*Asks:* 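Mind looking over this structure? Questions follow.
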Amino acid sequence: MSIVENIKIAFSSIFVHKMRSILTMIGIIIGVSSVIFIVALGQGGTEKLKSLIVGSGNTVSLSYSPSEEEMKENPDALWSPFTEDDIRSIETIPEISKIVTSSDEFGNVRYRENTIESSISGINQTYIEVNELNVSSGRNLLPSDFLGGGRAAVISSGLSKELFEKEEPLGKIIYVQSQPFEVVGVLEKPTGLLASFSSNEVYVPWKTWRTITGNNKISSITIQAENTEKLQEAGKKAAQLLNQIHGTEEAYQVTNMEEIAEGIGQITSIMTLIIGCIAGVSLLVGGIGVMNIMLVSITERTREIGTRMALGATRGQILFQFLVEAMTLTLIGGTIGILFGAGVAYLVSSIIGFPIIVSLPIVLIGLLFSMFIGIIFGILPANKASNLDPIEALRYE
Amino acid sequence: MIQLASIKKSYSLGNEDVLVLNGIDLKINRGEFISIMGPSGSGKSTLMNIIGFLDRPTEGTYFLNGKEVLQYKEHELAKIRNRAIGFVFQQFNLLPRLNALKNVELPMIYAGVKKKEREERAKEALEKVGLGDRMLHLPNELSGGQKQRVAIARAIVNKPDLILADEPTGALDTKTSEQIMELFTMLNKEDGTTVIVVTHEEEVASYANRLILLRDGYIVQDIDQENRGEIL
Ligand SMILES: Nc1ncnc2c1ncn2[C@@H]1O[C@H](COP(=O)(O)OP(=O)(O)O)[C@@H](O)[C@H]1O
Ligand SMILES: [Mg+2]
């Protein structure tokens, strides 16, 4: 007896009791759809977070986290961990393709009578490329600004709003730490997850920053390499070099942005796991429902089973018939669950603008899993059916 | 074709064994038309089930075409049921959700016959029992006699050597019973199929050419139909 015949039998007996079948499937539908929904949300969110944090990729930051002794020995280093000499040394590492530096401080920015506290960053030119700093109006800082130590500033959209309210910011003179700067550009509003963080930022060329603040500190160094392997190598060498220069044990370290992304990914995975458990429970309950209805169905069809046996069905064929029926039931439930879960996920994503990914593997896993539940919870009823005594089954009223 | 020797069947009820068949010796030749009669509870159905491999005796030997079949495995017996035997029941036992044609196709599905051939042969069988115009009807759209015809078509569709009918007319009126018995007679005469019919009714039994009388698990009479008048 072919599998096709069995599937036909399964469909016909499922369709005879439509209501009952649908009620039976509800557990499976809820279980599978919640798995699909949550995983779609989780994967979408993780990807989005990663792309936001890692940016254009292949970058690592160098960080300074000294031991207690090192801290006592050199308390200033915490505030200004890197020097210009450091950068010159790091530049000699062949694996590094780009070095991004920034010097950050909080200070006052004033336009006419309006004074706002803002972060003031002195950056080098590669900072703009690597961090994808794009202006929505005006222009970006140009090589000439960096070379000449010009008084040009690019401000964040958040600061622009607070400082100028409805006025046009471009070309206006603002006072950064009491020094006059011309606003040449306003940055794009951050999108997506970071949209709600409207922060106040001013970016000026690093040389100019040094002049107005009167110090040489460099707050952060990020290096970029052509590919991941080179990047790892470069990061290691840079940290080693810095520790050597500063006579520290391992105060200088590599902070891989991707690690942070992974960390966030882990949080999402934990969430996924918890909700996965909930889904698991509903699948278990659904599976037991399937088992129950299969037992009912087999009792109702005792005579049919006896007849089939009399007509030459082997016990194996009877077992297979009811196993296929249970699997068909859970597969239909699983398919509905996948469609429903994906539908809800797309709906939610279009309403709250959260990215989702319904990946093929998760759909396949959903299908396989519902089939698996059919087998697990179908085996007992099917076994019962196949072990019926044909004579008693034929006599059954 | 069939040779039963010292067939016993007992059921254990509580701690007591109830003997239902008490040593049956029976030889059935190809092409015979046999009726089995006897009081209720005498073991007729039990004997039929044993002959049809639905049940195994507690003791005894069973030769089918010279082969000792009782040692066969379950799935081998299922195959014999499928190919060599056609069952007809008192309650018809048609699958209620399948139409006449599909019901008749069932044994061929288990025999692994391809769909096209299945349909052709099922149609043929239904035409043979006079139901060529009711093939797509569901069982509950058919009369008792028609249902039993479908069941007979189903029993013969795999061209069995033996038809076992346990009270096939038990649920039918006299006129319909006659038609059904005529059908069995035709299958026996024209196709040479061996037929065994269990019945309570003299009328029905008279269609056969051999009569076996069971009582308390014994064969008390086994006679040719010609001599019947004298014995009963
Ligand atoms: N599964 C069983 N367990 C115990 N006793 C049974 C069983 N099946 C049949 N019997 C007994 O065997 C006897 C013969 O039954 P059966 O062959 O059906 O008789 P008949 O068909 O001649 O009326 C009856 O007394 C019945 O109660
Ligand atoms: Mg009986």
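Every chain is numbered from 1 and lettered A, B, ... according to where its sequence line falls, protein lines coming before strand lines. Bear in mind the structure is a predicted one, so any value in this text is a computation, not a measurement.
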*Asks:* Where does L95(B) contact chain A at under 4.5 Å (heavy atoms): side chain, backbone, both or neither?
*Replies:*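 For L95(B), the side chain is the part near chain A, not the backbone.
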*Asks:* For the CD1 atom of I391(A) and the CD1 atom of I50(B), what is their distance to the nearest 0.5 Å?
*Replies:*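 Answer rounded to 0.5 Å: 7.5 Å.
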*Asks:* Enter the distance from M309(A):CE to L77(B):CG here, rounded to the nearest 0.5 Å.
*Replies:*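 That separation rounds to 12.5 Å.
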*Asks:* Just so I understand: if I count every heavy-atom pair under 4.5 Å between each of N82(B), D55(B), T46(B) and chain A, which residue has the most?
*Replies:*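 It is N82(B).
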*Asks:* Within this structure, what is the CG-CZ distance for the pair L94(B) and R303(A), rounded to the nearest 0.5 Å?
*Replies:*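 Separation between the atoms: 10.5 Å.
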*Asks:* Non-hydrogen atoms of chain A under 4.5 Å away: do they reach the side chain of N49(B), the backbone, both or neither?
*Replies:*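 N49(B) touches chain A through side-chain heavy atoms alone.
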*Asks:* If you round to the nearest 0.5 Å, how far is NZ of K8(A) from CD1 of I109(B)?
*Replies:*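 Atom-to-atom, I109(B):CD1 and K8(A):NZ are 7.5 Å apart.
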*Asks:* Mind listing the closest non-hydrogen atom pair of Y110(B) and G312(A) along with its distance?
*Replies:*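 Shortest heavy-atom separation between Y110(B) and G312(A) comes out as CB-O, 4.1 Å.
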*Asks:* Look at I80(B), V113(B), L54(B) and state which one has the largest set of heavy-atom pairs under 4.5 Å with chain A.
*Replies:*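 Sorted descending by pairs with chain A, the first entry is L54(B).
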*Asks:* Quick check: do E5(A) and E105(B) have side-chain heavy atoms less than 4.5 Å from each other?
*Replies:*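 Sidechains of E105(B) and E5(A): no contact.
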*Asks:* If every non-hydrogen atom of A313(A) is compared with every non-hydrogen atom of R81(B), which pair is closest and at what distance?
*Replies:*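 Taking A313(A) first and R81(B) second, the nearest heavy atoms are O-NH2, 4.0 Å.
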*Asks:* Counting C-beta onward and ignoring hydrogens, is there a side-chain heavy-atom pair between L106(B) and T307(A) closer than 4.5 Å?
*Replies:*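 L106(B) vs T307(A): side chains apart.
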*Asks:* Using the side-chain contact (heavy atoms from CB on, under 4.5 Å) rule, take T314(A) and E74(B) through it: C-alpha gap first, then chi angles, then the decisive distance, then the call.
*Replies:* CA-CA 8 Å; T314(A) 62; E74(B) 194 92 31; over 6 Å; no
*Asks:* Check whether F53(B) gets within reach of chain A through its side chain, its backbone, both or neither, counting any heavy atom under 4.5 Å.
*Replies:*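 For F53(B), neither part sits under 4.5 Å from chain A.
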*Asks:* Considering only heavy atoms, which portion of E76(B) lies under 4.5 Å from any heavy atom of chain A: side chain, backbone, both, or neither?
*Replies:*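 The answer is neither part of E76(B).
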*Asks:* Give, as side chain, backbone, both or neither, the part of R83(B) having an atom under 4.5 angstrom from any heavy atom of chain A.
*Replies:*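 When you check distances to chain A, no heavy atom of R83(B) falls under 4.5 Å.
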